[in-house]
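Right, one structure below, let's go through it.
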There are 2 protein chains.
Amino acid sequence: MSMRRTTIKDVAEAAGVGVATVSRVLSGGSASPETRERVLTVATQLDYRPSALGRNLRQRRSGGIGLLVPDVTDSFYGRLADGVLACARSAGEPVILGATGDDPEREAEMVGMLLEQGVGRMIAIPSGSGEIWEPTLRTGLTTVFAHRVPAGRGDVPAVLADDRAGVRTAVDYLTGLGHRRIAYLGGPGQEQRVAAFREALGPLVDEELLVFARGSRDSAYAAAAGLLQRRPDLTAVLAGGNLLGEAAVLAARELDLRVPRDLSLVMFDDVPWAELCAPPLTVIAQPAQDIGYRAAELVLRGGGRRPRGVLLPTELVVRGSCAPRGTSRSPR
Amino acid sequence: MSMRRTTIKDVAEAAGVGVATVSRVLSGGSASPETRERVLTVATQLDYRPSALGRNLRQRRSGGIGLLVPDVTDSFYGRLADGVLACARSAGEPVILGATGDDPEREAEMVGMLLEQGVGRMIAIPSGSGEIWEPTLRTGLTTVFAHRVPAGRGDVPAVLADDRAGVRTAVDYLTGLGHRRIAYLGGPGQEQRVAAFREALGPLVDEELLVFARGSRDSAYAAAAGLLQRRPDLTAVLAGGNLLGEAAVLAARELDLRVPRDLSLVMFDDVPWAELCAPPLTVIAQPAQDIGYRAAELVLRGGGRRPRGVLLPTELVVRGSCAPRGTSRSPR
DNA sequence: AAACATGATGGAATCGTTTCCATGAGCATG
DNA sequence: CATGCTCATGGAAACGATTCCATCATGTTT
C-alpha cells in the first residue's frame, strides 16, 4: 500500500550511475550530455521529486520564508501576505505563516518556531521593540521588516510605505478644508505616523486628540467612541488603519454624527469597502501587495548585503468623507 | 561569528550521557530520575532546541500543516486561515500557506510543493474536481477539505458550512417578501449551493438567472453588471460570497438601481463592512474561523480514521438590503 | 612517447535527529 | 549459585539529500 517515496538512490540505480551524478545533473552541475539526458529521462519516468527534508538538513537551512503578520484577518495584511506568496511562488519557495496578534510574546514564540524549523529567511511586521529583535537578528535569520520597523531601529532592511508623506498629505488636505482640531486614531507600532502627524500639524497639535487602540476590533471601537464622546469639538479624524477607520465610522454613527457634515474622516489604507461605505471614504492608499512582494524579493535575493530599505509611495484618494469645516459640532 | 547551533550531541556531552538518552528524555521516554533531571537542566542551560530538520528527515514526515486557499485577500479565507493558525499554534505546528487562485493547475503545483517539503497533513479549499485529487489522496497526505469538497466526491473528510440550509433560509426569506424572480450570483466550485438554490426555488427557478464568475473582483463585477443589465425584471439577488456581494452592490449602484427599493440583496458570508454599507447588507453568516479551526483539529488528531465530515450552522442576519417586492423594476 | 591538464564519475562523509539493539547492572526466582 | 527478567543506557544505523575527494579516461603539450 504505502509505497516508499522514490529517492535519489532509486534514480541512480535505474540510470546506472552514482547518486552524486544524479544530484549534480539535477542541480545543474557538470555532466556529460548523454548521462544528463539519461538521468533526466529516468527521473521524469520515475516521477522523482527531491525531498526538501534531505536537502535542507545537509545544507543546514530550510529554503522557506517565514512570514509574521499581526492578523491575517485584517485586509491590509491579507494583501501584504498575498504579495509575499506571489513572489515566493515564482521562486518556488514555501511560506510559513504565523499570526502574532501584535503581541511581542507571541511574536517571540513564533520566531522560535521558525528557528526550530530551520527557516533561514523571514519577513516580519514587528510588534516588539528594538531590543527584543536584537538577538534574533544575530541568529543568522535573514530578516526583512515590512510595513514598519521595530521601535528605535532605523538601520534594518525594511519595505515601508511612505507614511510621512501620506500623513502630511492628509493633514494638509484637512487643514486646507479649514479643520483645526484634528484627531489621530492609531494602532500599535505607529510611532512613525504619529511623529509625522505632530510635525505636519505643528502648533495645532493637541495631545488629547492622539488616541491609541490595541490590535483588536473591540479595542479600536472603544478608542474611537471614547475619543468622539470626550471631545465633541473635534471636526476631523485621521484613522491609522482600516480597522480604526471602520471603528470611527461605527462610533460616529452610534453618536449620531453625520460624516462628513459633522465630522470629516480620512482613513489609512484603501480597502474595497471604502467605496461601498456611506459616505464613500477618503483614504490614503498604500500598496500593500507591493510591500509584500518587494519584501519577499529583498529577503530572497538578499544574500548580498543591501540593508537599505525601500520606500513605496502612498496616494490620497479623495472620496466623500471630508467636507469643509462648517458650523462647529454642537455639544450633546 | 556564526556560532554553530547547539545540537543534541552537545547536550549529551555536557550532561555526560549518550545522545540516545537525551533524545529519550526530551521526547518523554524512560530514563532514571536523576539523569532526566541532569539532561533537562543542561538542555535549558545551553538553550537547546531540537532541529525539526533532523527529526523530520528521520521520521520521514514533516510535522507541519499545508493550507491551500484560493485567495488570502478574500476576508472569508482570511478568517478561515486565522482559525487554522490558532489551532496549529496551540499544537505547536507550523503552517505552510499557499494561494491557488481557484486554478486547478496552480493547485496541483502547490500540492507538489507540499509533498516536496515532506508535509504530511493538509487542509485545502479545493478548486479542481474529484479526479484531480484522486492521486493526491493516495499519497499518504492526510487531507481535510474545508468550505467545499472536490466536485463529485462526497466521501472525503471535510468541514463545511451548512450551505443547503443557508440557501434555503435566504430563499424562503426572499420569497416570503414576495420575490419571484431571484438570481443566483455564484463563484467557482459552488455546485452545492446551486443545487440547494434550485431545490429551494422549485418551479420558480430560471436558468438564465444563474450566473457565475471566476474568482477575481473584475470577473465578479462583470458577471453582476451583465446579469442586472440583461434581466431588468429580476427583483432579488443572492450573492454567493462577499466578493460577489460587493460586485452586486457596485453594479446596482452603477445602473442606478436602489437597494433595497429596486433590488433586494442577500449575500453569503458576513463581513465587517456589511454593516457599514449603504444600506447595511442582509447576509448569511458562516463561521469561517470555526471552519478553519475544526479542519485543523481534524487533520491533526486525524490519524484515527474519521472521514465523516463536520457541518457547521449558518445564520441569516437580517439588515437593510431586502424589501418586499414593490412595483416591478421599470426597464431602462 | 612521456608527462600533464582536463573533465566526468562514483564512493563516502556529512547534516541532526530517532530508534533499534546489545550490554550490563540489579534483583527475584528456581 | 545459576538462570532469567527488567530496566537504564549508549553505540550505531537509518532517513535523503549535497559535496568533497580520489579515480580514471581522454586529449594536449613538450
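Side-chain atoms are counted along with the backbone in the values below, which use heavy atoms only and exclude waters and symmetry mates. In what follows, chains are A, B, ... by sequence order, proteins preceding strands, each numbered from 1.
Between B:R79 and B:S75, the side chains place a donor N or O and an acceptor N or O closer than 3.5 Å (distance only, hydrogens not considered).
Nucleotide D:dA13 holds its P atom 17 Å from the CG atom of B:L57, rounded to whole Å. Protein atom CD of A:E13 is 12 Å distant from nucleotide atom P of C:dG10, rounded to whole Å. Rounded to an integer number of Å, the gap from NZ of A:K9 to P of D:dA13 is 14 Å. Protein atom CD of A:E116 is 13 Å distant from nucleotide atom C1' of C:dG16, rounded to whole Å. Rounding to whole angstrom units, CD of residue A:E34 and P of C:dA8 are separated by 10 Å. When rounded to the nearest whole Å, the span between CG of B:N56 and C1' of C:dG16 equals 11 Å. We find that CZ of A:R38 is positioned 11 Å from C1' of C:dT9, with the value rounded to whole Å.
The aromatic rings of A:H147 and A:F76 lie tilted to each other, with the angle between the two planes from 30° to 60°.
OP1 and OP2 of C:dT17 both lie 4.0 Å or more from every side-chain N or O belonging to B:S51. Residue A:Q59 places at least one side-chain N or O under 4.0 Å from the OP1 or OP2 atom of D:dT19. Residue A:R60 has a polar side-chain atom (N or O) positioned under 4.0 Å from OP1 or OP2 of C:dG16. Considering only side-chain N and O atoms, B:S32 lies nowhere under 4.0 angstrom from the phosphate OP1 or OP2 of D:dA8.
With respect to the salt-bridge test (charged N to carboxylate O, under 4.0 angstrom), the residues B:E297 and B:R294 qualify.
Contact annotation: the side chain of A:I125 approaches that of A:R148 to within less than 4.5 Å [non-hydrogen atoms, C-beta and beyond]. Side-chain contact between B:R38 and B:V17 is present, with at least one heavy-atom pair separated by less than 4.5 Å. A:Q289 is not listed as a side-chain neighbour of A:Y293, based on a closest heavy-atom distance of 4.5 Å or more.
Residue contacts for A:T35: at a heavy-atom cut-off of 4.0 Å it reaches the sugar-phosphate backbone alone, with no base atom in range. Note on A:G16: only backbone sugar-phosphate atoms sit closer than 4.0 angstrom, heavy atoms only; bases stay farther off. A:L53 comes within 4.0 angstrom of nothing in the nucleic acid, heavy atoms only. Within 4.0 Å of B:S23, counting heavy atoms only, lies at least one base atom of the nucleic acid.
With distances taken from any side-chain atom of B:I8 to the nucleotides C:dT18, C:dA8, D:dA17, the minimum falls on C:dT18.
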Enumerate the protein-to-nucleotides 11-14 of chain C contacts in which both atoms are nitrogen or oxygen and the separation is below 3.5 Å.
from	atom 1	to	atom 2	distance (Å)
C:dT14	O2	A:R58	NH1	3.2

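A:T6 OG1 to A:R49 CZ: the interatomic distance, rounded to the nearest 0.5 Å, is 9.5 Å.
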